[in-house]
*Asks:* 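Just passing along the structure, written as structure tokens.
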Amino acid sequence: QFNVEASCDIKITSLGANVRSTGPHNIVVYMKQGTHGGYELSPGAWKLIFSGSVDAKGEDQPTTIDGFVDVSVAAESSVAFYISSEMSDLRYTNGDHPASDSAIAITGGAGISDHLFRGKAFAPR
């Protein structure tokens with residue numbers, strides 16, 4: 001899970017993930033308005049925006065997730081995303097590694113130990 005904070009109006013049309021395997025891989029993506037904080041294991045707070053197969057590129061190679069309805073984020077607001085896979089093949093980095101440009105700031109969040117809001121939340125990730 002991670003947060004995207006917009007400094008101007010933006011549309012998010014795709015996401016990238018680090019998937020250990022290669023080839024077809026089933027992924028789900030959830031989003032919520034605001035940040036993920038306090039909602040890591042609360043499925044009712046999240047909206048499913050993608051469920052399907054992606055062409056996984058392998059560890060440390062960006063795997064594109066698209067095919068969901070664009071997510072609009074108004075200036076000075078935030079959305080959170082949760083990308084999950086049944087195969088435990090998603091990779092993440094321990095610690096908080098924020099990234100930003102003039103339009104957005106992406107802040108680290110939490111890794112969930114099991115698929116679909118089950119298990120334990122590990123943060124920062």
Side-chain angles (χ1 to χ4, degrees):
Q1 296 173 351
F2 59 95
N3 302 317
V4 176
E5 301 170 29
S7 57
C8 60
D9 293 349
I10 63 168
K11 279 191 180 178
I12 299 172
T13 60
S14 66
L15 297 168
N18 186 356
V19 182
R20 180 177 25 191
S21 61
T22 59
H25 193 85
N26 290 326
I27 296 279
V28 294
V29 178
Y30 289 82
M31 63 88 52
K32 69 174 289 300
Q33 297 297 322
T35 65
H36 71 84
Y39 298 96
E40 291 86 355
L41 301 175
S42 301
W46 299 81
K47 176 184 174 185
L48 179 67
I49 63 168
F50 178 84
S51 179
S53 183
V54 298
D55 182 20
K57 302 299 183 188
E59 192 161 0
D60 296 328
Q61 301 300 314
T63 294
T64 299
I65 304 168
D66 56 13
F68 53 85
V69 174
D70 295 352
V71 175
S72 295
V73 186
E76 307 306 322
S77 63
S78 300
V79 295
F81 290 96
Y82 173 23
I83 302 171
S84 188
S85 165
E86 292 179 5
M87 294 180 57
S88 300
D89 261 4
L90 295 176
R91 306 288 98 194
Y92 58 77
T93 303
N94 291 335
D96 192 15
H97 302 278
S100 63
D101 64 17
S102 62
I104 65 170
I106 301 170
T107 56
I112 309 302
S113 64
D114 201 351
H115 182 58
L116 295 181
F117 305 99
R118 293 187 304 261
K120 184 176 178 183
F122 295 94
R125 298 291 189 258

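When reading the values below, keep in mind they use all heavy atoms of this one structure, side chains included, and skip hydrogens, waters and symmetry mates. Treat the numbers as computed from the prediction; the structure is a model and nothing was measured.
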*Asks:* Would you say T63 and H25 are linked by a side-chain donor-acceptor pair, where the criterion is simply a distance under 3.5 Å?
*Replies:* no
*Asks:* Could you tell me which residues satisfy side chain to side chain donor-acceptor pair (under 3.5 Å) with D55, sequence neighbours excluded, listed by chain and number?
*Replies:* K57
*Asks:* What is the minimum heavy-atom distance between K120 and L41, and which atoms define it?
*Replies:* CA-CD1, 4.5 Å
*Asks:* Tell me the closest heavy-atom pair linking G16 and I83, and the distance in Å.
*Replies:* O-CD1, 4.2 Å
*Asks:* For V69, what are the other residues in its hydrophobic cluster, where any two members join if their side-chain heavy atoms are less than 4.5 angstrom apart?
*Replies:* none
*Asks:* Restricting to ring pair (Phe, Tyr, Trp, His ring centres under 6.0 Å), what partner residues turn up for F68, sequence neighbours left out?
*Replies:* none
*Asks:* Applying salt bridge (Lys or Arg N to Asp or Glu O under 4.0 Å), which residue pairs with at least one partner in residues 18-34 are found, sequence neighbours left out?
*Replies:* R20-D89
*Asks:* Once side chain to side chain donor-acceptor pair (under 3.5 Å) is applied, do any residues pair with R91, and if so which ones, sequence neighbours excluded?
*Replies:* none
*Asks:* Can you name the side-chain contact (heavy atoms from CB on, under 4.5 Å) partners of D9, sequence neighbours left out?
*Replies:* A74, A75
*Asks:* Is there a path of hydrophobic side-chain contacts, each under 4.5 Å between heavy atoms, that joins V79 and I10?
*Replies:* yes
*Asks:* Which pairs count as ring pair (Phe, Tyr, Trp, His ring centres under 6.0 Å) when at least one residue sits in residues 1-24, sequence neighbours excluded?
*Replies:* F2-F81
*Asks:* Can you sort out the partners of D101 under side chain to side chain donor-acceptor pair (under 3.5 Å), two or more places apart, ordered by chain and number?
*Replies:* none
*Asks:* List in chain and number order the residues that pass side chain to side chain donor-acceptor pair (under 3.5 Å) with S113, two or more places apart in sequence or in another chain; answer none if no residue qualifies.
*Replies:* none
*Asks:* Same cluster or not: L15 versus F50, using hydrophobic residues (I, L, V, M, F, W, Y) connected whenever any side-chain heavy atoms lie under 4.5 Å apart?
*Replies:* yes
*Asks:* For residues 33-42, pull every pair meeting side-chain hydrogen bond (donor to acceptor under 3.5 Å, both in side chains), keeping only residues two or more places apart or in separate chains.
*Replies:* H36-E40
*Asks:* Under a 4.5 Å cut-off applied to non-hydrogen side-chain atoms, are N26 and E86 in contact?
*Replies:* no
*Asks:* Which residues satisfy the salt bridge (charged side-chain N to carboxylate O under 4.0 Å, His left out) test with D114, sequence neighbours excluded?
*Replies:* R118
*Asks:* Taking all non-hydrogen atoms of both residues into account, name the closest pair between S84 and L116 and its distance.
*Replies:* OG-N, 3.6 Å
*Asks:* Quick check: are there more than 12 heavy atoms from other residues, nucleotides or ligands sitting under 6.0 Å from CD of E59?
*Replies:* yes
*Asks:* Would you list the pairs meeting side-chain hydrogen bond (donor to acceptor under 3.5 Å, both in side chains) in which at least one residue belongs to residues 64-81, sequence neighbours left out?
*Replies:* none
*Asks:* Count I, L, V, M, F, W, Y as connected when their side-chain heavy atoms are under 4.5 Å apart, and connections chain through other members. Are L90 and W46 then in the same cluster?
*Replies:* no
*Asks:* Taking Y82 for its side chain and F117 for its backbone only, find out whether a donor-acceptor pair lies under 3.5 Å.
*Replies:* yes
*Asks:* Closest approach of V71 and M31, non-hydrogen atoms and distance?
*Replies:* CG1-CE, 3.7 Å
*Asks:* Looking at every heavy atom in both V73 and A6, which two are closest together, and how far apart are they?
*Replies:* CG1-CB, 3.6 Å
*Asks:* Between T22 and G58, is there a donor-acceptor pair closer than 3.5 Å when you use the side chain of the first and the backbone of the second?
*Replies:* no
*Asks:* Evaluate the criterion side-chain contact (heavy atoms from CB on, under 4.5 Å) for residue pair T107 and E5; output intermediate values, then yes/no.
*Replies:* CA-CA 8 Å; T107 56; E5 301 170 29; 3.9 Å; yes
*Asks:* Distance-only, no hydrogens or angles: does the N18 side chain make a donor-acceptor pair with backbone N or O of D60 under 3.5 Å?
*Replies:* yes
*Asks:* Of the non-hydrogen atoms in V19 and A56, which two are nearest, and what is the gap between them?
*Replies:* CG1-CB, 3.7 Å
